[in-house]
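Heads up, the thing below is written out as structure tokens.
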Amino acid sequence: MSSQATTAEGEAPQFYELVPHHHAPHGSTQIGFWIYLMSDCLIFASLFAIYGVLGGNFAAGPSPEHLFNLQLVAVSTGALLLSSITYGFAMLDMDEGKKTGTLVWLVITGLLGAVFLGLTLYEFYHMIHEGAVPQRSAFLSAFFVLVGTHALHVTFGILWLVTLLVQISAKGLVPANKIRVQCLSMFWHFLDVIWIGVFTVVYLMGMLR
Amino acid sequence: MSASTSHDTLASGTHAHPNPDAHGDGHDHGTRRTYLIGFALSVILTAIPFWLVMADVIADTMIATLVIMAFGVVQIFVHMVYFLHMNTKSEGGWTMMAAIFTIIVIVIALSGSLWVMFHLNTNMMPGHIMNPADLI
């Protein structure tokens, strides 16, 4: 790589690179995105801690068994789980260079995400309609912040996915688009991991409490 | 894997890779089979805790809570391995290092918050106030 330059006597030897130092494009994008996901994980950890501390403070208001509908949660969990594997199929088609297959699987993933988001918003609407608003009790404040932050993440995931659909349709599966699909894949599966925590801690343990 | 190997091939100049993107990311993307295994496992690991709660299978709330939490933890690991393709080698082990650090911080934040606030609640209970006059 480096070779010694001719130097005058007594001077320190100088080095220079014969071959330009080369980094693969997007070489550090994935690890950087992973670090972002880990920091996002800490946000959710603090929200889970808040819910764990305040989740039992109903202030004589409605408690989980009055509010939650486990059938609805089961359906939205199923939609998110299915969207994880359809995103996996999009990744496999992308690796094989199938543009149409990638787009179709991404569209299905986005629709499943929209189903999940719709069910969450329906639940929120239903709860607010019954008077179970965030300012009713500490439990409801913690619930709306935790589940709402997750729903906000899914919303931005869907926006990102629609953007990617446009970019792939316009430019095809170029390296820049591939790295975007890979980053969204991490984001999407990460949201699924967070949802496992949400349905376990908030919904299932809430019904047991 | 990627950083050093791709650098070496570029330096030697003997091997021009047709697609530099192919092994530039250091991630194992899995196969259709691993995705299906992960999906099957996560369906099972989701269905059982939902069934336990909806059918009221375990009478003892404490045991039921612990069982459900155990299923959740196992499912999180299934997702990390089969969907997020976590292993000790990707990015030279740095993804794993970051994840372990995050898990340590999460454990400290969660257990610390619950522990401190539980004791705070216990000590704030009116029953602990020795002199009822203090309540006024």
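All values reported here derive from a predicted model rather than from experimental measurement. Chain identifiers are assigned alphabetically (A, B, ...) following the order of the sequence lines, protein sequences preceding nucleic acid strands; residue numbering begins at 1 within each chain. Worth knowing before you read on, the calculation uses all heavy atoms, side chains too, and leaves out hydrogens, waters and symmetry mates.
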Which one of Trp94(B), Phe50(B), Phe118(B) has the most heavy-atom pairs closer than 4.5 Å to chain A? Phe50(B)
Can you tell me which portion of Phe199(A) sits under 4.5 Å from chain B's heavy atoms? Options are side chain, backbone, both or neither. side chain
Can you list the steps and then say if Phe68(A) with Glu123(A) is a side chain to side chain contact (heavy atoms under 4.5 Å, CB included)? CA-CA 8 Å; Phe68(A) 297 158; Glu123(A) 188 194 25; 3.9 Å; yes
So does Phe156(A) have more than 12 non-hydrogen atoms from other groups sitting under 6.0 Å from CZ? no
Name the option with the most non-hydrogen atom pairs under 4.5 Å to chain B; the candidates are Gly88(A), Gly78(A), Ala49(A). Gly88(A)
Heavy-atom pairs under 4.5 Å with chain A - which of Ile58(B), Val116(B), Val78(B), Thr61(B) has more of them than the others? Thr61(B)
Just list the side-chain donor-acceptor pairs under 3.5 Å for residues 184-198 of chain A, sequence neighbours left out, or say none.
residue: Trp188(A); atom: NE1; partner: Ser83(A); partner atom: OG; Å: 2.8
residue: His189(A); atom: ND1; partner: Ser84(A); partner atom: OG; Å: 3.2
residue: Asp192(A); atom: OD2; partner: Ser84(A); partner atom: OG; Å: 2.6
residue: Trp195(A); atom: NE1; partner: Thr77(A); partner atom: OG1; Å: 3.0

Among Gln182(A), Lys171(A), Met94(A), exactly one meets side-chain contact (heavy atoms from CB on, under 4.5 Å) together with Asn177(A). Which residue is that? Lys171(A)
Just checking Met80(B): does its CE atom have more than 12 heavy atoms from other residues, nucleotides or ligands closer to it than 6.0 angstrom? yes
Out of Ile85(A), Val201(A), Thr200(A), Ile35(A), return the one with the most heavy atom pairs under 4.5 angstrom to chain B. Ile85(A)
Without hydrogens or angle criteria, can the side chains of Ser141(A) and Gln135(A) be said to hold a donor-acceptor pair below 3.5 Å? no
If we define contacts as heavy-atom pairs under 4.5 Å, which of Leu81(A), Asp95(A), Ile50(A), Leu70(A) has the most with chain B? Leu81(A)
Proximity breakdown for Met38(A) and chain B, heavy-atom pairs closer than 4.5 Å: both
Met97(B) portion near chain A, given a 4.5 angstrom heavy-atom threshold: neither
Heavy-atom contact with chain B under 4.5 Å, split by part of Leu82(A): both
Ile103(B) versus chain A, the contacting section by heavy-atom distance below 4.5 Å: neither
With a 3.5 Å cut-off and no angle check, do the side chains of His153(A) and Asp40(A) form a donor-acceptor pair? yes
